[in-house]
Colleague: 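Below: one structure in structure tokens.
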Amino acid sequence: MAGVDVGEDFLDIATLAPESHHLSLTRVNLRNILSAPAETRLDTNALTSLSLMLAEKVPELRGAIVLVDSPRWPSDLDWSKPGVVAATHSKRGREIDVGLRALVYTLYKLDANSTLTTLSMFPTPPMRYFGAHLNSATCKPHLRMLGQELFGEALNHDYGAASGGVFTRFMIAGFSTYRALQAIGAEAYEGYPDLQFRLWRRHHQLLSKQKERTSALASRIRILSALARRLDISGSGQVQRLDEADAAILVLSIIAARQYGAIFILESPYEGRFMVALDEQEAQRFHQRNACRVTLN
DNA sequence: GAGTTATTTAAAGCGTGGTC
DNA sequence: GACCACGCTTTAAATAACTC
């Protein structure tokens, strides 16, 4: 079982091996795909380099269930088709996002005292956003290498100047991570650390990363430590970064949900699959135990 | 009460300014 | 020069606050 927090330059991976009671943290430097050994460079490519790096640095990932904090593909493309194919199933936003909002809204309606009110998610941008960033002269070399392999000839199109913020540019690394995980036999799901922290915080405060930057990490470490204690898992004390905390909550909340909560899987053939871990109380409100699969569309 | 406008929230990174 | 805090970038949706 593993959780992956995706950044432009790094993947932070939290793993818990079967029967193990220790959480391991690993940071993978994505810029290292530029320096693949010369003897293999001809036979290999950026996505293969990434999967080799993952398999070498985190061998437990082979055959693991992995939650990734990134969407699987641009919002206007169809994941079910090979290559770059425009999606036709949904014109307004992702089905996964709509499904998640409905889930959170239902939980709120079932408990008026719930602190879980609405769900704020940054929308996944369409292909033109990623195309414009990848075609920009200032694009980071390792992102360009990954992007060229992901999108191929679709990048020959003129997407205009890269506009807007760079918030969601990290998703190029996310799309690549799904491919690399697939290549090493991992079963990947999308996950959302902020939602998992809110669902598992119990009486602890969860402070905003944006507004209370200095206390945000401490508030997350308190939630992780409490959860790890309940599960009798060591190693949560290593968490020193927000990225590590995000990776750790993904894996710990899923393990906890398997023991005394419920797991929801939102599945869309066009967008991929999303996993949510519910704490005991929320699971009881839904009269759910173990896992529940919701097929979208 | 209906309609409009403002505010809030998530995501990662970059540039600036202050301190040591 | 290194390090840290801070403000800013985008989008969609829910809600709060406002006018008429």
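Labels below follow one simple rule: chain letters A, B, ... track the order of the sequence lines, proteins then strands, and each chain is numbered from 1. Note that the structure is predicted; figures quoted are calculated from it, not measured.
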Colleague: If Ile, Leu, Val, Met, Phe, Trp and Tyr residues are connected whenever their side-chain heavy atoms lie under 4.5 Å apart, and connections chain through other members, are Leu217(A) and Leu252(A) in the same group?
Modeller: yes
Colleague: Please say yes or no: joined through hydrophobic side-chain contacts below 4.5 Å, possibly via intermediate residues, are Val166(A) and Leu143(A) part of one cluster?
Modeller: no
Colleague: Return the polar atom pairs (N/O with N/O) between nucleotides 12-18 of chain C and the protein under 3.5 Å, or none.
Modeller:
{"unit_1": "dA13(C)", "atom_1": "OP2", "unit_2": "Arg92(A)", "atom_2": "NH2", "d": "2.8"}

Colleague: Return the value, rounded to whole Å, for the distance between atom CD of Glu212(A) and atom P of dG7(C).
Modeller: 13 Å
Colleague: Which one of Phe274(A), Tyr105(A), Phe264(A) satisfies the side chain to side chain contact (heavy atoms under 4.5 Å, CB included) criterion with Leu100(A)?
Modeller: Phe274(A)
Colleague: Give Ser208(A) one of three labels, base, sugar-phosphate or nothing, depending on what nucleic acid heavy atoms sit under 4.0 Å from its own.
Modeller: sugar-phosphate
Colleague: Would you please name every residue forming a salt bridge (charged side-chain N to carboxylate O under 4.0 Å, His left out) with Arg94(A), sequence neighbours left out?
Modeller: Asp97(A), Glu190(A)
Colleague: Would you tell me if any nitrogen or oxygen in the side chain of Lys209(A) comes within less than 4.0 Å of OP1 or OP2 on dA12(B)?
Modeller: yes
Colleague: Could you tell me which residues satisfy salt bridge (charged side-chain N to carboxylate O under 4.0 Å, His left out) with Asp12(A), sequence neighbours excluded, listed by chain and number?
Modeller: Arg27(A)
Colleague: For His142(A) and dA12(B), what is the distance between atoms NE2 and P respectively, to the nearest whole Å?
Modeller: 14 Å
Colleague: What pairs of nitrogen or oxygen atoms, one from the protein and one from nucleotides 3-5 of chain B, lie under 3.5 Å apart?
Modeller:
none

Colleague: Is there a continuous path of hydrophobic side-chain contacts, each under 4.5 Å between heavy atoms, that joins Leu30(A) to Phe167(A)?
Modeller: no
Colleague: What is the distance from CG of Asp76(A) to P of dT11(C), rounded to the nearest Å?
Modeller: 14 Å
Colleague: Using a cut-off of 4.0 Å on non-hydrogen atoms, how would the nucleic acid contact of Asp246(A) be classed: base, sugar-phosphate, or nothing?
Modeller: nothing
Colleague: Does dT9(B) have its OP1 or OP2 closer than 4.0 Å to a side-chain nitrogen or oxygen of Lys211(A)?
Modeller: yes
Colleague: Specify the separation, in whole Å, of atom CG of Leu143(A) and atom P of dA12(B).
Modeller: 14 Å
Colleague: A side-chain contact here means heavy atoms from C-beta on lying under 4.5 Å apart; do Leu146(A) and Phe175(A) qualify?
Modeller: no
Colleague: So does Ser136(A) get a backbone contact from the side chain of Arg144(A), meaning a donor-acceptor N/O pair under 3.5 Å?
Modeller: yes
Colleague: Just to be sure I understand the rule, does Tyr192(A) reach a base, reach only the sugar-phosphate, or reach nothing, if contact means heavy atoms closer than 4.0 Å?
Modeller: sugar-phosphate
Colleague: Tell me the interatomic distance from Phe130(A), atom CZ, to dT11(C), atom C1', rounded to whole angstroms.
Modeller: 12 Å
Colleague: What pairs with Arg230(A) under salt bridge (charged side-chain N to carboxylate O under 4.0 Å, His left out), at least two apart in sequence or on another chain?
Modeller: Asp279(A)
Colleague: Figure out the CZ/C1' separation between Arg198(A) and dT8(B), and round it to whole Å.
Modeller: 12 Å
Colleague: Give the rounded distance in Å between these two atoms: NE2 of His133(A) and P of dT11(C).
Modeller: 10 Å
Colleague: Assess whether atom CZ of Arg101(A) is packed by more than 12 heavy atoms of other residues, nucleotides or ligands within 6.0 Å.
Modeller: yes
Colleague: For Gln205(A) and Ser219(A), does a side-chain donor sit closer than 3.5 Å to a side-chain acceptor?
Modeller: no
Colleague: Verify whether the ring centers belonging to Trp73(A) and Phe130(A) lie closer than 6.0 Å.
Modeller: no
Colleague: What protein N or O atoms touch nucleotides 13-16 of chain B N or O atoms at under 3.5 angstrom, if any, and at what distances?
Modeller:
{"unit_1": "dG13(B)", "atom_1": "OP1", "unit_2": "Glu8(A)", "atom_2": "N", "d": "2.5"}
{"unit_1": "dC14(B)", "atom_1": "OP1", "unit_2": "Lys140(A)", "atom_2": "NZ", "d": "3.3"}
{"unit_1": "dC14(B)", "atom_1": "OP1", "unit_2": "Arg169(A)", "atom_2": "NH2", "d": "3.4"}

